[in-house]
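Below you'll find the structure, written out as structure tokens, and then a few comments.
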Protein chains: 2
Amino acid sequence: PTDGLGRSVPPYPLPPPSRQNKVLPEDLKTPDDHVERDPRLIRLTGVHPFNVEPPLTDLFDEGFLTTKDLHYVRNHGAVPRVEDSSVLDWDFTVEGMVAHPITLTLRDLIRTYDQVTYPVTLVCAGNRRKEQNVVRKTKGFSWGAAGLSTALWTGVALPDLLARAAPLRGARYVCFEGADRLPNGCYGTSVRLGWATDPARGIMLAHRMNGEPLPPDHGKPLRVIIPGQIGGRSVKWLKRIIVTAKPSDSWYHIYDNRVLPTVISPEESADRPDVWKDERYAIYDLNTNSAICYPAHDERVPLGIARGDAATYKLRGYAYAGGGKRVTRLEVTLDQGRTWMLATMSYPEDLYRLAPEGETLFGGRLDVSWRETCFCWCFWSLDVPLSRLRDARDVMIRAMDESMMVQPRDMYWSVLGMMNNPWYRVVIHKESDTLRFEHPTQPALMPGGWMERVKKEGGNLTNGFWGEKVGGQDAAPADEAP
Amino acid sequence: PTDGLGRSVPPYPLPPPSRQNKVLPEDLKTPDDHVERDPRLIRLTGVHPFNVEPPLTDLFDEGFLTTKDLHYVRNHGAVPRVEDSSVLDWDFTVEGMVAHPITLTLRDLIRTYDQVTYPVTLVCAGNRRKEQNVVRKTKGFSWGAAGLSTALWTGVALPDLLARAAPLRGARYVCFEGADRLPNGCYGTSVRLGWATDPARGIMLAHRMNGEPLPPDHGKPLRVIIPGQIGGRSVKWLKRIIVTAKPSDSWYHIYDNRVLPTVISPEESADRPDVWKDERYAIYDLNTNSAICYPAHDERVPLGIARGDAATYKLRGYAYAGGGKRVTRLEVTLDQGRTWMLATMSYPEDLYRLAPEGETLFGGRLDVSWRETCFCWCFWSLDVPLSRLRDARDVMIRAMDESMMVQPRDMYWSVLGMMNNPWYRVVIHKESDTLRFEHPTQPALMPGGWMERVKKEGGNLTNGFWGEKVGGQDAAPADEAP
């Protein structure tokens with residue numbers, strides 16, 4: 001394909017232009033006084049540490065790829081300071097249960113190993129946690145629905161590096177440790193060795209993001225990128241790779257990124273190290289999730305008789321699944337689940353599979369045609385007559401993945417409030433000749449959303465009908481026997 | 001470990017004793033007049049072809065491994081007749097997009113390749129379809145909740161065979177064809193090449209079941225076994241393995257084993273080959289599912305004042321997930337989802353991981369300690385005070401898998417009625433001093449179950465509350481705007 005001037009255009013998306021940011025005034029009083037940031041990002045944990053998501057609409061409008069400027073950030077503490085001049089001297093190890101332990105610099109990694117480039121959507125395990133916090137306070141801060149971002153990452157396939165290190169019999173996990181110094185030690189976590197050595201899983205040591213060296217907030221100069229898993233496993237500022245028989249014993253591996261059984265309260269969890277250490281509750285693969293981006297929260301759409309019954313609104317949003325799985329359908333209901341419509345899907349990630357053989361991008365081979373796994377978000381849209389939106393009380397969506405698992409209608413509440421993925425619901429308000437749309441929540445401490453409103457009005461958000469009264473009563477069945 | 005007589009006992013389960021069956025009178029008038037079968041199996045499609053499941057309680061009582069006698073069977077037509085004397089001469093091919101096409105006999109396969117043995121649970125995509133048929137008739141017959149079975153399979157790892165055949169660049173699928181002759185050609189289907197070459201996925205060409213040569217109903221003398229995927233991909237009476245760029249074009253691959261979008265009616269589906277051919281709707285990995293086995297349907301439990309409030313009942317059942325994933329928890333509710341209790345899990349499959357290095361079983365290496373993937377069902381149990389069961393109207397369960405996807409509360413109805421996995425619900429009836437339990441359905445045309453009862457009473461099974469009236473009304477929210 002060529003552009004209007006006859007220049008050849010790749011068949012796949014390239015990153016939108018990024019900005020030259022500055023150190024923001026609020027960061028000057030923190031240990032991050034050396035980190036340039038985009039002021040549009042919404043801070044979720046006060047000024048420091050830096051945990052941010054972009055406004056959902058801005059994220060969606062950037063398209064398939066997210067600039068470094070709007071990419072969400074999850075930092076546990078101060079960002080390690082690495083001068084540009086010392087980037088190539090950054091060293092790290094591959095050690096533990098391996099026949100050939102390795103110590104190498106970033107310079108070695110770039111010179112000695114094949115470089116690859118491909119897009120990966122990172123998602124925070126806390127994406128959409130604000131909804132859980134409205135139902136019942138969790139031990140986590142309030143992400144909205146924009147705790148995810150997609151970039152082109154360039155680096156070295158971890159299986160290549162592990163093949164040289166040669167894991168020994170009995171090895172089953174790969175631990176990663178970052179350079180950040182935190183109250184409970186350095187940030188560390190682990191994944192299964194079987195995943196780390198599987199090319200189709202695509203785990204990468206990345207040193208470029210959208211063609212540029214990693215920004216400090218994204219792991220400068222070297223990080224792990226684990227497609228299809230929660231962002232919390234993609235360790236930044238990477239210093240050690242340790243092959244082990246057991247999962248990581250880092251405090252951050254055990255006491256974060258878990259979905260404990262819903263019956264366990266925050267109070268009880270404090271006395272249950274046995275439950276925290278149960279690997280069955282550790283989160284690795286993302287679960288299937290989706291959100292409505294248009295209409296946006298508080299968006300107003302004029303009905304206007306002049307527009308007629310033929311006028312339509314294009315509902316739009318994103319969806320993703322975990323473990324390399326594809327989202328195979330997204331369905332929309334305007335009658336609270338009684339009937340569903342099938343949305344149109346688009347999978348921009350598939351365009352990279354069309355790259356010609358031998359293609360390189362940002363110094364890495366772009367060769368993903370051989371694998372069927374999906375590492376990125378996808379998009380959905382559906383044109384709906386305005387008259388139908390006018391007659392509905394809400395819009396809800398659910399995605400299904402290739403393993404035929406569908407998003408649940410109801411929330412699975414848990415102590416850390418992670419992996420929240422019930423049907424995303426936008427309420428429709430009729431205001432004279434206008435429709436006004438209301439998302440479930442707004443991120444951080446920002447007010448707004450139907451969940452807080454319903455709760456304030458005395459509605460029971462866990463009654464199975466989003467806190468609405470049904471036939472003048474609460475929706476849960478009466479307590480007398482049938 | 002040793003038994004009471006000092007003999008050493010393996011740390012893992014061995015198959016229960018199997019029976020010597022006979023050709024049953026009803027099969028004598030069919031093309032299957034040479035096939036010996038167990039009369040306990042419940043026929044789901046009349047006398048012929050043979051599609052059967054065992055009584056759920058019998059299946060559960062056999063334990064982790066199922067005998068050939070009770071193993072469910074899904075046949076599309078007549079069972080190919082293969083004399084014992086010609087079994088070793090059975091030949092098959094590996095062909096298509098490979099550098100080295102192979103034709104070999106079962107004798108070659110056994111002599112030339114490493115043999116392996118491990119347990120795999122096969123599950124029919126139609127398991128629990130009867131529930132869908134009660135809601136709305138599908139294009140499929142009525143499986144109960146016993147369309148699954150577990151056996152020890154012995155054979156050759158498919159990746160070994162494919163490595164010798166050497167797939168060419170551009171190859172992406174592996175098609176399998178059986179020897180059965182059917183109205184629309186031979187039975188054929190395909191899976192992704194990436195799965196077929198991945199040892200952790202465990203795809204095997206099997207010639208022994210629980211240590212015995214394959215019975216005719218299970219593919220005598222050679223079949224594919226695909227762990228973690230629906231039984232429909234595990235082709236029996238295997239004749240051809242074809243490496244291709246595209247999925248199988250067999251009628252049975254396209255028009256069976258799919259979950260079409262719920263909006264598509266049986267009538268509409270007849271005119272939509274485009275939808276049938278959309279690979280996104282093809283089922284490969286199993287979805288996560290579970291059932292209650294005790295209390296059984298129509299089981300009666302005396303309350304008896306003498307038993308006191310301390311008396312408990314042990315709820316028990318099974319659960320499984322797909323794609324090698326583990327079921328990480330099972331939860332039980334006695335109040336229709338308002339609160340949940342955590343069941344105790346057992347994973348007998350893990351006992352095989354304890355086999356000593358070098359162990360062999362039935363002529364195959366038993367070496368599964370190196371992989372983390374789960375290929376088998378697991379069990380759950382929960383002791384509940386009888387007084388709590390007495391006060392509840394029903395028991396419902398839901399499983400969650402390691403990707404943090406939970407079974408949905410509501411049914412995803414589709415044309416073929418496959419992959420039905422909403423919360424399994426058993427209704428509790430109080431009858432003087434006895435509790436009587438009622439499962440959702442009984443298999444085939446057998447009457448019984450709360451779904452048919454509620455439907456006959458005029459209840460709306462899709463009202464979000466299992467057809468119960470709520471506060472004297474239907475549970476779905478009233479139609480007026482909020």
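Values below: all heavy atoms of this structure, side chains included; hydrogens, waters and symmetry mates excluded. The sequence lines fix the lettering, A, B, ..., with proteins before strands; numbering per chain opens at 1.
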Notebook entry, point to check: Are any non-hydrogen side-chain atoms of A/Arg353 and A/Arg371 less than 4.5 angstrom apart?
Noted result: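 Yes, their side chains come closer than 4.5 Å.
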For [X], which atoms come within 4.5 Å of any heavy atom of chain B: side chain, backbone, both, or neither?
X        : answer
A/Met419 : side chain
A/Leu286 : backbone
A/Gln229 : neither
A/Asn421 : side chain
A/Ser369 : both
A/Asp401 : side chain
A/Asp335 : neither
A/Leu260 : backbone
A/Ala171 : neither

Does [X] use its side chain to pair, donor to acceptor, with the backbone of [Y] at less than 3.5 Å?
X        : Y        : value
A/Ser414 : A/Val259 : no
B/Ser403 : A/Asp285 : no
B/Arg129 : B/Leu416 : yes
A/Glu357 : A/Asp367 : no
B/Asn287 : A/Met404 : yes
A/Trp413 : A/Arg136 : yes
A/Trp450 : A/Arg425 : yes

Best-contacting candidate, [options], against chain A by heavy atom pairs under 4.5 angstrom:
options                                : result
B/Met345, B/Met341, B/Arg326, B/Glu331 : B/Glu331
B/Thr288, B/Val406, B/Val327           : B/Thr288
B/Met418, B/Lys325, B/Arg409, B/Arg192 : B/Arg192
B/Val263, B/Asp198, B/Ile283, B/Ile264 : B/Ile283
B/Tyr284, B/Trp340, B/Tyr412           : B/Tyr412

Note to self: With salt bridge (charged side-chain N to carboxylate O under 4.0 Å, His left out) as the test, pick out the partner of B/Glu279 among B/Arg172, B/Lys246, B/Arg258.
What the structure shows: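 Per the salt bridge (charged side-chain N to carboxylate O under 4.0 Å, His left out) rule, the option paired with B/Glu279 is B/Arg258, out of B/Arg172, B/Lys246, B/Arg258.
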Check: In terms of heavy-atom proximity below 4.5 Å to chain A, should B/Ala282 be classed as side chain, backbone, both, or neither?
Finding: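 The backbone, not the side chain.
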Note to self: I need the residue from A/Glu372, A/Glu402, A/Arg169 with the largest number of non-hydrogen atom pairs under 4.5 Å to chain B.
What the structure shows: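 Greatest number of close heavy-atom pairs with chain B: A/Glu372.
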Check: What residues form a salt bridge (charged side-chain N to carboxylate O under 4.0 Å, His left out) with B/Arg128, not counting sequence neighbours?
Finding: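 B/Glu131.
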